[in-house]
2 protein chains.
Amino acid sequence: MKRNSRLSAVLHALMHMAERETPMTSDDLALCLDTNAVVVRRTMAGLRDAGIVQSGRGHGGGWHFARPLAEISLLDIYNALGEPIVFQIGPATEMPGCVVEQSVNRVIGDALKDAEAILMARFAGTTLADLAADFRVAAKLCRADTG
Amino acid sequence: MKRNSRLSAVLHALMHMAERETPMTSDDLALCLDTNAVVVRRTMAGLRDAGIVQSGRGHGGGWHFARPLAEISLLDIYNALGEPIVFQIGPATEMPGCVVEQSVNRVIGDALKDAEAILMARFAGTTLADLAADFRVAAKLCRADTG
DNA sequence: TTTCATGTAACAATAATAGTTACGAAGCGC
DNA sequence: GCGCTTCGTAACTATTATTGTTACATGAAA
């Protein structure tokens with residue numbers, strides 16, 4: 001199966017938006033993400049519905065943030081994307097009749113649930129402002145490296 | 001995409017084996033797992049190569065453990081299965097040229113890596129004996145419930 | 001009113017998992 | 001040795017989720 005890259009992709013898009021003053025069109029972002037404008041709109045639609053970004057049509061239109069970067073957590077983004085399945089590994093049957101399988105599912109399920117909770121806490125504690133800061137440090141180091 | 005259920009499936013199979021004295025054939029296990037004998041062999045092959053189980057052909061053949069349940073961790077099983085991808089979510093590009101994307105990948109990748117480490121530690125600390133004990137407690141409760 | 005841009009449905013392409021068929025090789029019992 | 005059982009494996013199909021593409025409608029600015 002292909003892995004779900006929507007979270008990474010949308011964060012990539014948002015970081016490009018964060019580096020600009022004016023709205024970016026879906027075509028602009030598609031170019032950055034090396035994908036299609038329709039894919040961009042499809043993904044960003046969730047964020048728009050969640051009130052994280054806003055879109056405008058026509059001349060001068062495009063995507064912009066609806067609130068400050070520091071007030072948008074990665075968890076907000078994740079939720080806005082429809083809380084995609086985190087784990088690729090999982091049970092064979094959701095509600096097994098076999099008692100042995102129920103037991104296995106419980107043990108594995110608990111372990112996955114705990115790991116997911118930790119991941120979500122990490123997402124909740126990271127804002128887009130943090131991401132942008134991380135990027136600016138890296139960019140500075142990069143410039144120092146090459147210059 | 002379908003989720004990877006090999007870990008759950010193989011644990012289910014092993015727990016059935018743990019409840020028996022004699023080897024179980026791939027057909028037996030396929031019946032338990034509601035799947036195909038070939039799928040069972042394909043999955044168990046990794047465990048055999050890792051020295052966790054042994055297989056015998058012909059009359060009286062089938063699958064049996066190569067060492068005590070208490071000496072087999074879930075991590076051993078996971079590794080024997082070829083360390084399948086844990087997360088369904090992941091980066092769009094493994095080695096992006098875009099510095100913004102690199103930054104995003106680093107932040108998300110670190111979060112996933114930490115969550116994965118915790119999951120692996122949990123797997124390492126759980127043996128098949130633990131799983132079997134958990135099952136026996138559940139089975140006892142179940143009997144008390146119905147009887 | 002023309003152009004730009006989003007909104008969305010429908011369809012195609014891609015990729016991973018799981019299931020199936022077919023055949024070969026090895027082991028046990030008679 | 002013969003036949004039955006059972007694993008070993010390759011090749012193919014089926015299913016499903018993600019992603020990409022095409023097409024067309026809608027709305028806003030110049």
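So you know, we letter chains A, B, ... as the sequences are listed, proteins then strands, and number each from 1.
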Under 3.5 Å: donor-acceptor pair, side chain of [X], backbone of [Y]:
X: A:R3; Y: B:F87; value: yes
X: A:N105; Y: A:T93; value: yes
X: A:D134; Y: A:L131; value: no

Can you get from B:I85 to A:I85 by hopping between Ile, Leu, Val, Met, Phe, Trp and Tyr side chains that sit under 4.5 Å apart?
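B:I85 and A:I85: separate clusters.
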Rounded distance [0.5 Å steps], [atom1] in [X] versus [atom2] in [Y]:
X: B:Q102; Y: B:M95; atom1: CD; atom2: CE; answer: 8.0 Å
X: B:T126; Y: B:I72; atom1: OG1; atom2: CD1; answer: 13.5 Å
X: A:R67; Y: A:L69; atom1: CZ; atom2: CG; answer: 10.5 Å

Using atom [atom1] of [X] as one end and atom [atom2] of [N] as the other, report the distance to the nearest whole Å.
X: A:N4; N: D:dG20; atom1: CG; atom2: C1'; value: 15 Å
X: B:N36; N: D:dT13; atom1: CG; atom2: P; value: 17 Å
X: A:M44; N: C:dG7; atom1: CE; atom2: P; value: 10 Å
X: A:I85; N: C:dT17; atom1: CD1; atom2: C1'; value: 15 Å

Once base and sugar-phosphate atoms are separated, protein heavy atoms under 4.0 Å mark nucleotides 22-30 of chain C, 5' to 3', with B, S and - as B-BBSBB--
Under 3.5 Å, which donor-acceptor pairs do the side chains of residues 9-20 of chain A form with other protein atoms, sequence neighbours left out?
{"unit_1": "A:H12", "atom_1": "NE2", "unit_2": "A:H16", "atom_2": "NE2", "d": "3.0"}
{"unit_1": "A:E19", "atom_1": "OE2", "unit_2": "A:R136", "atom_2": "NH1", "d": "3.3"}

Where does the angle between the aromatic ring planes of B:Y78 and B:F123 fall among parallel (under 30°), tilted (30 to 60°) and perpendicular (over 60°)?
tilted
Ordered by number, residues from residues 11-33 of chain A within less than 4.0 Å of DNA chain D (heavy atoms) are none
Heavy atom of residues 99-106 of chain A under 4.0 Å from DNA chain C: which residues?
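Hits under 4.0 Å, by residue number: none.
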Using the side-chain hydrogen bond (donor to acceptor under 3.5 Å, both in side chains) rule, collect all pairs that involve residues 108-119 of chain B, keeping only residues at least two apart or in two chains.
A:R122-B:D114
Base, sugar-phosphate, or nothing: which does A:R6 touch, judged by heavy atoms less than 4.0 Å apart?
sugar-phosphate
For residues 30-57 of chain A, please give each side-chain donor-acceptor pair under 3.5 Å, one per line with the distance, not counting sequence neighbours.
{"unit_1": "A:N36", "atom_1": "OD1", "unit_2": "A:V38", "atom_2": "N", "d": "2.8"}
{"unit_1": "A:R41", "atom_1": "NE", "unit_2": "A:S26", "atom_2": "OG", "d": "3.4"}
{"unit_1": "A:T43", "atom_1": "OG1", "unit_2": "A:V39", "atom_2": "O", "d": "2.8"}

OP1 or OP2 of D:dG20 less than 4.0 angstrom from a side-chain nitrogen or oxygen of A:R42, does that happen here?
no
Does a nitrogen or oxygen in the side chain of A:S5 sit under 4.0 Å from OP1 or OP2 of D:dT19?
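Affirmative; the distance criterion is met.
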Would you mind telling me which of D:dA11, D:dG8, C:dG7 lies closest to the side-chain atoms of B:S55?
D:dG8
